[in-house]
Amino acid sequence: MPEPASSAPTPAGEGALPKTYDPAGTEARWQAAWEAAGAFHPDPSAAGEPFAVVIPPPNVTGSLHMGHAFNTALIDTIVRFQRLQGKNVLCLPGTDHASIAVQTILEKQIKAEGASKEDLGRDAFFERAWAWKAHSGGTIVGQLRRLGYSVDWKRERFTLDPGLNKSVVEAFLRLHEQGLIYRGEYLVNWCPASGSAVSDLEVEMKEVEGSLWHLRYPLTPLEDGPTGATGATGTAGAPAAAPAPDHPNDHPIDHPVDHSIDHLVVATTRPETMLGDTGVAVNPSDPRYAHLVGRSISLPLVGRQIPIVADPHVDPAFGTGCVKVTPAHDANDFAIGQRHGLPQITVMAKDGSMNAAAGRFAGLDRFEARQAVVAAMEAEGLLVKVEPHRHSVPYSDRGKVPVEPLLSTQWFVRTEPLAARCRTALDNPAGAEPRFVPERWSKVYRDWLTDIRDWCISRQLWWGHRIPAWFVVSETGGVITEATPYVVARDEAEAWAKAEAQFGTAGQAAGQAAGAVGLAAAQPLQLEQDPDVLDTWFSSGLWPFSTLGWPDSGAADLAKWYPTNVLVTGFDIIFFWVARMTMLAGALLHEADPNRTGPDHLDPAHPAAAAPERPVGDRDSWIPFRDVYIHGLVRDENNRKMSKSAGNGIDPLLLIERYGADALRFALVREVAGAGQDIRLDYDRKTDTSATVEAARNFANKLFNATRFALMNLGGETPASLGEPLLAELESEDRYILSRLVRTSSQCAELYGSYRLGEAAKLLYEFAWNDLCDHYIEWAKPRLFGDDPAARTTARRVLARSLEALLVMLHPLMPHLSEDLWHAVSGAEATEFLALQRWPQPDQQWLDPSHESAFQFGIDAVRAIRNLRALSAVKPSEKLPIGIHTPTAARQAFVVANQGKIARLVGASELHWEAEPTAGQLLGIVDSDAQVGLTVPQQSLDALRERLQKDLVKSEKEIAGLAGRLANPNFAGKAPAEVVAECQANLAEAQAQAELLRGRLGELG
RNA sequence: GCCCGAUUAGCUCAGCGGUAGAGCGCCUGCCUUACAAGCAGGAUGUCGCUGGUUCGAAACCGGCAUCGGGCACCA
């Protein structure tokens, strides 16, 4: 016995064995053993087809929930299966720094201490952040280990570690060089709570009950109206001036031009933004207002003269058909403003309060300002009405407050060229890249890549990758503005070099070095690194290659394992993550060329360079993963998505402690049969129990006991020492289980390989519980318990083979249990691992459906007898004479050959067989060709009669259906011949059975 | 508004052209020396509704209903 298996089954004779499996000790032991042996630390130069998965790095925001356990169970099942296929498997773990989420947590903590991050300063803040990372990351890694994740911990990465920072900087630099990153002032989603810009994806629309305020905007009288004011909108006048004469419908006759209009009414959900209005827009084809286009409005409360412009965006049917235009605070207005050259006036500060441009409202919070503006308008008699209005408001995912569209200078990734490349890959005629499983998600992915908007990647945060751009602040008076020139560089030294080359005057380098030495240069060069950091998803987007060593293309891991084989993740991050990875890979690895010069050249001396890896020239092989397996979410007992924020998450460790990691894993995977569908976990919060996981735990225990039984009956032998079963010596149940084994091993491999993991789990469950335990072992017991050495050896061989193969196949799903039991059964050294064995290759000769069906008759006959016994009043323990009646020679032979086994299984004092039943027996029907009979006192026949009646009704119903079908000439004419034949056979069978049933009923009276 | 799922036994879900399955639960009986976390036997469904295609539909197509999700969004 291997030492690690202290609580594992031990061969008979070593004293009392536990009757139940105790997962806790076993799981911890094997996790330690695997890791100590480096079992999952692959060598890129080793042989074997590469198979790589990078795990979705969990955020270091606390601990993992059931969704992570689910993802882990799926990935680990896949990679363990591939390892059993003999591939050189890398499964790379890591965690994500989650800028905004972690910073939010930390700031909350700091605030609770009565301070701010500015009070602490960057250095002290980072100390806290890294301490937090160590704590949370440690918890997470501990949880992943506890699940038995077969990842390579030596390659564990963190998105903010130095290696990944190098990738991030390099990626930024190259994208910038390619013109795919730009900086500029645009309207961005501003989260006042976190004080940062966020991307479109981090904004969630929420329906709220708001109000629609109708405000009166007086027209500036013509004589006062500085006609020059309309000059800026000159372009707008042209299309709006006269409705096209060839579109008479555009000019309804019941809208006579009203020259008495002296004001317009606009409707808004955000009255406070009126302070920043720079125009009012109407639809160009709206006859009510066409004549006013070009006139001016005197903006109330502010007094600014703003033009009336004509813009097709305005829906004449909504409200009054007049829209106030606030280009600096609304995306649509921004676009209108651009089209008409309207100024952009920002009236809010970055903390969500009103700024100086808001005049007397300055300093008020945006929501206070809303009330104040409404009150002021009302006081001036300009509030026409207020209507309740249900509408969507953009909320910040993290900050949980409405985002403010705000003009701000930020960095952006130009996404369209990247998205176009991804769309092309998806349209690859040789097969979509990546291939989504289930396929329907590719549509979601494509839709998002179509009409994509640029990606704002800068964040006004501290925790994250600092943007590798240095501003030449000496060019703009020592401050950073939108106009400040900058250089993008790998580090500060390179930044200085670049800046000098572009802007340099002699001496600034010395100035930098010496600091205090003031040179007489009129304008010494001053550099200042951008204080902002990058969106976390920018670094996550590099994950499949940054973790493998990119941009160092001499990296052996990159050469061996890129592109990875499959990405396994939830549908909720297809946009955030999957699409970002493919887009960034497209920009950074698309041109991958082994001959390129510079730091990326592949050193021909490196072993990876010579290894015959997958062809680099493969079309679109830059796509970082061949398959994307999208799984559902874990929902709670009330069908709600489990999440931290909803507070309904379940710590997987609770269930692991109660049932074991293998049980939890098996339960999660078994539930996933319909790939991509959400799974519901029936978790009882009061008792911390789950029937689903409990069932899996019971399955684990069943396997444990089956192995215990085997060990007690293999006489200390192992599959290897016993040798292969010999075909000539096999008995019915041997033929049955071996044939089932051949089919199960190939079906199961097919299911695992095509990500139908739930089906694989169910298949193995049935094979183990039904075929092996219920049927094989029970039928083989007489030989195993008997004293015929030859027969016993054959049964031992078959049992040992089948059980060992089962444990291998089960290993991806229940790694610890299978590893433990495999050691016990195989007698393998403690230094050997099931995890590194090969998928079973049972002898194809064993496959024999005719033997399977022959044995199935035995199963059916036993069941029929047991059923009959249950109906009779005979005590279960009482042995009695039993007969099996069948005219078929093969079946008679089967009964003869298995007489003792069957007698044992049905509690027969004597088992006889005859073609026809003898009189005086209580008879049960197996099928039209076989009956079973008990010799019992004629009592309690009512139950039997009832049963037979029921069967007869069923039979007759079947006959009616089948006969009806066959009577239809179209059926006989059009259905395939084999279907018709089958139908006829079924009918004959049903008729024969009905005949027997009637006979029995007749006898019973 | 656009797109996508789901609707099958009491519950959770498979099945996706040949006439309905599993697990749990339920009923009955068993401490049968691997396992009561077990064994044996059993019951349970007009497969959401409605048209159509087909010899044949739970499955394929159209419509409807209910539930859920995603995207977009007019002040």
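Lettering follows sequence order; numbering is per chain, from 1. This one's a predicted model, so the numbers in the text were calculated from it and none came from an experiment.
When A/Lys762, A/Glu759, A/Arg665 are each tested for a side chain to side chain contact (heavy atoms under 4.5 Å, CB included) with A/Arg670, only one passes: A/Lys762.
Computed from coordinates, the A/Glu204 CD to B/C71 C1' distance equals 13 Å when rounded to whole Å. As a whole-Å value, the separation of A/Leu681 CG from B/C24 C1' is 13 Å. The nearest whole Å value for the distance from the CG atom in A/Leu449 to the P atom in B/C71 is 14 Å.
A gap of 16 Å separates the C1' atoms of B/C60 and B/C47, to the nearest Å. One P atom belongs to B/C24, the other to B/G51, and the distance between them is 39 Å to the nearest Å. If you take atom P in B/G5 and the same atom in B/G63, they sit 14 Å apart, rounded to whole Å. Atom name C1', nucleotides B/U32 and B/C39: the rounded distance is 8 Å, in whole Å. Separation of the C1' atoms belonging to B/C64 and B/G10 is 28 Å when rounded to the nearest angstrom. The separation of B/U8 from B/A22, taken at their C1' atoms, amounts to 13 Å, rounded to a whole angstrom. The P atoms of B/G38 and B/U44 are separated by 25 Å, rounded to the nearest whole Å. Atom name C1', nucleotides B/G45 and B/A58: the rounded distance is 11 Å, in whole Å.
In this structure B/C39 sits in a base pair with B/G29, meeting the Watson-Crick or G-U test at under 3.5 Å.
Side chain A/Arg697 to base B/A37: a donor-acceptor pair is found below 3.5 Å. Judged by distance alone with a 3.5 Å cut-off, a donor-acceptor contact links the side chain of A/Lys702 to the base of B/C35. Contact annotation: side chain of A/Arg904 to base of B/U32, donor-acceptor pair absent below 3.5 Å. If you check distances only, the side chain of A/Glu778 does reach the base of B/A34 with a donor-acceptor pair under 3.5 Å.
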N/O donor to acceptor pairs below 3.5 angstrom from side-chain atoms of residues 311-322 of chain A, sequence neighbours left out:
from, atom 1, to, atom 2, distance (Å)
A/Asp311, OD1, A/His313, N, 2.9
A/Asp311, OD1, A/Arg339, NH2, 3.0
A/Asp311, OD2, A/Arg339, NE, 2.9
A/Asp311, OD2, A/Arg339, NH2, 3.4
A/Asp311, OD2, A/His340, NE2, 2.8
A/Asp315, OD1, A/Ala317, N, 2.9
A/Thr320, OG1, A/Val265, O, 2.4
A/Thr320, OG1, A/Cys322, N, 3.3

